[in-house]
Amino acid sequence: MDLYEKLVNHEEKLSLVGLGYVGMPIAVAFAKKIDVIGFDLNAEKIHMYQNGIDPTKEVGDEAIKNTKVQFTADESALKQAKFHIVAVPTPVNDDHTPDLSPVEGASTILGRNLTKGSVVVFESTVYPGVTEDVCVPILERESGLKCGVDFKIGYSPERINPGDKVHRLETITKIVSGMDEETLDCVAKVYELVVDAGVYRADSIKVAEAAKVIENSQRDINIAFMNELSIIFNRMGIDTKAVLEAAGTKWNFLKFYPGLVGGHCIGVDPYYLTYKAEGLGYHSQIILSGRRINDDMGKYVAESCIKNLIKADRTVRNAKVAILGFTFKENCPDTRNTKVIDIVNELKEYGITPVIADPEADSAEAKRLYGIEFVDMDSIHGMDAVILAVAHEVFTKLDKKRIDGFFSDGKHVLLDIKGLLNRKEYETAGYEYWRL
Ligand SMILES: NC(=O)c1ccc[n+]([C@@H]2O[C@H](COP(=O)([O-])OP(=O)(O)OC[C@H]3O[C@@H](n4cnc5c(N)ncnc54)[C@H](O)[C@@H]3O)[C@@H](O)[C@H]2O)c1
């Protein structure tokens, strides 16, 4: 009997190593079909899961309460599993080089607890070669087992979009790969248990690794192009959104929009690819240019706020500015790598300490990472400027009366980064309205 059948017959178990935004929903999905061990180094997180709390809001508390996942911070539990999925973070260092320490750490832990006949699948976003050249030697060293003989490996990148309730694990085609045909078949069949949209069998592990990293690089470059257009059109006094709407009537015009690119995927993954390219003697032209543009957008928004305050005859120093939204993306509590912090820091350079409201954000994380304490949106009054920074659903419902109430007398400065509001309505009402 092969491993797939043993999993389905509950004779073997699957483990998840790393239970964050990616790993936890996978664990919960698999636990509806087979036996799952969910391991994370973070004992506090495990404690929350064990108590039915979903800090990521990806599946919700109810699903966590009802799941059969065996949550544990004890690595020896991994010995009970034969099919392992690794979903640990892949951040970059301050100099933008890949920080592979979580992937290496997870490989070390897994290696120590790996048994013969196992299959290990990595899901973390990496540059081509990390699974085979970095992870396998660690797994072999720690386990004393031989890859290809005693255990097999595969790679299956994750494409979920946190906060997105439509594009979910079950509904997105999953790329799978394996070190040989037999492994590929096993990995494909296992993922087919939970991915309704089906799997795509990639040619090789490196192809699958490369596919993921270019998906996010492509998005980064396209958004960078929109951001550059926005800078140009702002100088020309043309509304970028109106231009994009007009151009978007052509069948092959790609629909991207300007904005802040934060988080740990789109703003990070391209650096994995350029790092590897650099090691091979190729210096990226397009990818790194895009990164530079996107990385500077927070500063650009803050400077635009200052210019608009001056235009509105408001005193800049100690101006009262409110920022609505702090997470790196809409409808998601995650504040890690948010670019809104760049707006905050740049405003401080001008002597402005903004107040920030974000009813969706993980406030404990924001306090821990940035020392920021949110205010209640209802307490925002008497502002000189308001920056609508994130398109959370709650903000899309704000009407003009509510927005009027945020301001003091005098000309209102409103920066609508995501273009959520009707420009004409606010301009007609005398607002100094600005958007990317
Ligand atoms: N979040 C996304 O939108 C998304 C989408 C697609 C792909 N990815 C990729 O998936 C990977 C995971 O991302 P994430 O958002 O779930 O990260 P995350 O930070 O939310 O979760 C990672 C988890 O791994 C745990 N961890 C770290 N080192 C560990 C170790 N040695 N052993 C066990 N657990 C360990 C952490 O405690 C954390 O709970 C990354 O490579 C990311 O690029 C993320």
Side-chain angles (χ1 to χ4, degrees), residues 15-28 37-49 53-59 69 71-78 81 84-92 98-114 120-127 130-131 134-135 138-139 142 155-164 167-169 172 174-175 208-209 211-217 219-220 261-273 327-338 362 365 369:
S15 92
L16 244 302
V17 179
L19 294 172
Y21 284 84
V22 166
M24 187 274 295
I26 299 173
V28 170
I37 295 165
F39 167 74
D40 200 290
L41 269 187
N42 184 337
E44 215 175 294
K45 202 177 258 189
I46 290 294
H47 189 67
M48 273 198 245
Y49 291 146
I53 299 164
D54 172 13
T56 71
K57 298 189 185 164
E58 282 301 295
V59 299
V69 176
F71 292 112
T72 180
D74 173 8
E75 64 170 76
S76 68
L78 295 171
H84 304 276
I85 298 175
V86 181
V88 295
T90 40
V92 286
D99 172 7
L100 291 175
S101 56
V103 171
E104 290 167 345
S107 301
T108 306
I109 291 175
L110 193 50
R112 283 202 291 260
N113 296 286
L114 199 64
V120 181
V121 179
F122 288 85
E123 285 231 8
S124 303
T125 308
V126 291
Y127 57 77
V130 169
T131 303
V134 177
C135 301
I138 299 174
L139 290 170
E142 297 296 323
Y155 179 80
S156 177
E158 187 50 61
R159 289 165 148 173
I160 60 152
N161 186 20
D164 186 336
H167 301 102
R168 293 170 293 110
L169 173 69
I172 312 168
K174 192 119 173 63
I175 295 179
E209 290 171 323
K212 170 66 194 182
V213 82
I214 68 156
E215 284 169 22
N216 283 354
S217 302
R219 218 176 141 64
D220 194 42
V261 181
H264 22 265
C265 293
I266 299 176
V268 168
D269 299 345
Y271 288 124
Y272 272 69
L273 188 56
T327 60
F328 86 87
K329 69 178 295 191
E330 63 277 8
N331 305 322
C332 170
D334 203 345
T335 64
R336 293 170 302 170
N337 291 342
T338 176
D362 179 338
E365 185 182 70
L369 296 179

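The figures that follow rest on heavy atoms only: side chains count, while hydrogens, waters and symmetry mates do not. Indexing begins at 1, ligand by ligand and atom by atom, following the structure's order.
- Regarding atom 1 (N) of ligand 1, its nearest protein heavy-atom neighbour is Pro162 CG, 3.6 Å.
- Protein heavy atom nearest atom 7 (C) of ligand 1, with residue, atom name and distance: Glu158 O, 3.4 Å.
- Using a 4.5 Å heavy-atom cutoff, the side chains of Val120 and Leu110 are in contact.
- Counting atoms of ligand 1 from 1 in the listed order, those under 4.0 Å from a heavy atom of Gly20 are 16 (O), 18 (P), 20 (O), 21 (O), 23 (C), 39 (O).
- Evaluated by nearest non-hydrogen atom to atom 9 (C) of ligand 1, the leading choice among Thr125, Val126, Thr108, Val213 is Thr125.
- Those atoms of ligand 1 with a heavy atom of Lys45 less than 4.0 angstrom away are 38 (C), 39 (O).
- Summary of contacts: the protein heavy atom closest to atom 11 (C) of ligand 1 is Val88 O, 3.3 Å.
- The shortest side-chain heavy-atom distance between Val261 and Arg219 does not fall under the 4.5 Å cut-off.
- Checking Val88, Thr108, Thr131 one by one against Val103, the side chain to side chain contact (heavy atoms under 4.5 Å, CB included) holds for a single residue, Val88.
- Two residues are said to be in side-chain contact when any heavy atoms from C-beta on lie closer than 4.5 Å; Leu114 and His84 meet this criterion.
- The protein heavy-atom contact nearest to atom 34 (N) of ligand 1 is Leu41 N, 3.4 Å.
- Residue, atom and distance of the protein heavy atom nearest to atom 41 (O) of ligand 1 are Thr90 OG1, 2.5 Å.
- For atom 20 (O) of ligand 1, the closest non-hydrogen atom of the protein is Tyr21 N, 3.1 Å.
- Under the 4.5 Å side-chain criterion, counting only non-hydrogen atoms from C-beta, Tyr21 is in contact with Asp334.
- Atoms of ligand 1 found under 4.0 Å from any heavy atom of Val17 (numbered from 1 in listed order, with element): 32 (N), 33 (C).
- Scanning the protein for heavy atoms near atom 25 (C) of ligand 1, the closest one is Asp40 OD2, 3.3 Å.
- Among Asn161, Thr56, Asn42, Ile160, the residue whose heavy atom lies nearest to atom 5 (C) of ligand 1 is Ile160.
- Here the shortest heavy-atom distance to atom 22 (C) of ligand 1, taken over Gly18, Ser107, Pro89, belongs to Pro89.
- For ligand 1, the atoms sitting less than 4.0 Å from at least one non-hydrogen atom of Phe39 are 32 (N), 33 (C), numbered in the order shown with element in parentheses.
- Contact of the Val268 side chain with the Thr125 side chain is not registered, since no non-hydrogen atoms from C-beta on lie closer than 4.5 Å.
- Heavy-atom distances between Arg336 and ligand 1 reach below 4.0 Å in at least one pair.
- A side chain to side chain contact (heavy atoms under 4.5 Å, CB included) with Ser124 is found for exactly one of Leu100, Val130, Thr90, Val17, namely Thr90.
- The N/O atoms of Ala106, backbone and side chain alike, include one that comes under 3.5 Å of an N/O atom in ligand 1.
- Residues Arg336 and Leu369 meet the side-chain proximity criterion, which asks for heavy atoms closer than 4.5 Å.
- There is a side-chain donor-acceptor pair under 3.5 Å between Ser101 and Asp99.
- When hydrogens are left out, the protein atom nearest atom 10 (O) of ligand 1 is Val22 CG2, 3.5 Å; that is the closest non-hydrogen contact.
- Lys329 and Asn161 share a donor-acceptor pair across their side chains, judged by distance under 3.5 Å alone.
- Environment of CZ in Arg168: crowded, with over 12 heavy atoms of neighbouring residues, nucleotides or ligands closer than 6.0 Å.
- Residue contacts with ligand 1: Glu75 is excluded, as none of its non-hydrogen atoms falls under 4.0 Å.
- Residue-level proximity to ligand 1 for Cys265 is carried by the side chain, the only part with a heavy atom below 4.0 angstrom.
- At a threshold of 4.5 Å between non-hydrogen side-chain atoms, the residues Thr327 and Pro333 do not count as touching.
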